[in-house]
Amino acid sequence: MTLNRLIGHTLADMRGMSPLIHCITNYVTAGDTANMLLAAGASPIMADDPAESAEITAIAQGLTLNLGTPSASRVEAMLRSGEKAAERGIPVIFDPVGVACSEFRRNSAAEIISRVKLTAVRGNLSELSYLAGFSGKERGVDSSDTGISPETAAKAAAERLGCVCAVTGAYDVISDGMRNAIIRNGTPLLKKITGAGCLTSALCAAFCSVSDGFTGTAAGIAFMDICGELAAERTDGAGSFRAALFDFAGSITPQLLMERLDINEC
């Protein structure tokens, strides 16, 4: 079966299962993350206190760890949940938001990578370039020019971290170090709303809960890209675009997803 068709089937499977996804995410996008998962067909739960995070992970089907607004307590919750996820064999998606911006973020990411069995890492070009071992400038949580191609960054990060790695941007690259795919969907309007990447990472966790890491990560990214395209065709304003994005997340069908998807394995 082609990757395109696998992604369509994964959407149907995810909606059929309605997996519970534990999100330890940042306070800027927590509400939108929950609403996006609900619209797509999953079920969100948020618990970022170390006193309960592992217990919550124990009842979930997927876990997403987001470094957007890190604190010592939140990072400890991520570590405990990540270790519980490994015990249960559920997928863990790591979003290394602004990883190179501060020593605390760098150290936190290093500890998560060393202690948690990651299914996939999704980030922008500068974040994945850093995790791949390339030097580059970091501008807040936005991607900046590293001089490294998305293909090179994704593949090198996957080889170094031993998991699926995805670079999202003008086009998206997913790699497990041997298998690679490029998605050429999306819209520049996704950069005009806060947290599109955070929402995408949570979607990847939902899709990975019903498929393998490579297919699930590609499906989560494709889903967000194509919902964005459809929303952009309806409106050109950031506020109305955001509302339309959630509308299409709830209404897009597997067939429409496959028809619009521009993905190539390479």
When you group the ILVMFWY residues by side-chain heavy-atom contacts below 4.5 Å and let the links chain together, are [Y] and [X] in the same group?
X: L230; Y: L189; result: yes
X: V92; Y: I174; result: no
X: M258; Y: L6; result: no
X: I113; Y: L63; result: yes
X: I112; Y: L161; result: yes

Who pairs with R184 by salt bridge (charged side-chain N to carboxylate O under 4.0 Å, His left out), at least two apart in sequence or on another chain?
none
How would you list, by chain and number, every residue that makes a salt bridge (charged side-chain N to carboxylate O under 4.0 Å, His left out) with D32, sequence neighbours excluded?
R242
Are the side chain of [X] and the backbone of [Y] linked by a donor-acceptor contact shorter than 3.5 Å?
X: T33; Y: T29; answer: yes
X: S43; Y: L20; answer: no
X: S211; Y: G216; answer: yes
X: S18; Y: R15; answer: no
X: R80; Y: P50; answer: yes

Contact summary for [X] and [Y], nearest pair of heavy atoms:
X: R88; Y: A60; answer: NH1-O, 2.5 Å
X: C227; Y: I252; answer: SG-CG2, 4.1 Å
X: I193; Y: A238; answer: CG2-O, 3.8 Å
X: T187; Y: A232; answer: OG1-CB, 3.7 Å
X: I24; Y: A77; answer: CD1-O, 3.7 Å
X: P96; Y: L131; answer: CG-CD1, 3.7 Å

Is it the case that atom [atom1] in [X] sees more than 12 heavy atoms from other parts of the structure closer than 6.0 Å?
X: R115; atom1: CZ; value: yes
X: M178; atom1: CE; value: no
X: F104; atom1: CZ; value: yes

Are [X] and [Y] packed together at the side-chain level, in the sense that at least one heavy-atom pair is separated by less than 4.5 angstrom?
X: I221; Y: N185; result: no
X: C23; Y: L37; result: yes
X: K84; Y: E55; result: no
X: F241; Y: K192; result: no
X: F94; Y: V116; result: no
X: E127; Y: V97; result: yes
X: S175; Y: C165; result: no
X: H22; Y: T64; result: no

Check step by step if side chain to side chain donor-acceptor pair (under 3.5 Å) holds for S201 and R122.
CA-CA 6 Å; S201 294; R122 189 227 57 87; 2.7 Å; yes
Does [X] come within less than 4.0 Å of [Y], counting only side-chain N to carboxylate O?
X: E111; Y: R105; answer: no
X: E159; Y: K155; answer: yes
X: R106; Y: E103; answer: no

Distance from L11 atom CG to L203 atom CG, nearest 0.5 Å?
10.0 Å
Gap between atom CE of M78 and atom OG1 of T25 - 0.5 Å precision:
7.5 Å
Audit row: R234, D247, salt bridge (Lys or Arg N to Asp or Glu O under 4.0 Å) steps and yes/no:
CA-CA 11 Å; R234 176 187 291 182; D247 287 344; 3.1 Å; yes
Check whether the side chains of T215 and D212 place a donor and an acceptor atom closer than 3.5 Å, and report yes or no.
yes
No-hydrogen, no-angle side-chain donor-acceptor test under 3.5 Å, N26 and N66:
yes
Assess whether side chain to side chain contact (heavy atoms under 4.5 Å, CB included) is satisfied between D95 and L65, documenting all intermediate values.
CA-CA 6 Å; D95 189 334; L65 308 176; over 6 Å; no
Test log, rule side chain to side chain donor-acceptor pair (under 3.5 Å), inputs S129 and S126:
CA-CA 5 Å; S129 294; S126 59; over 6 Å; no
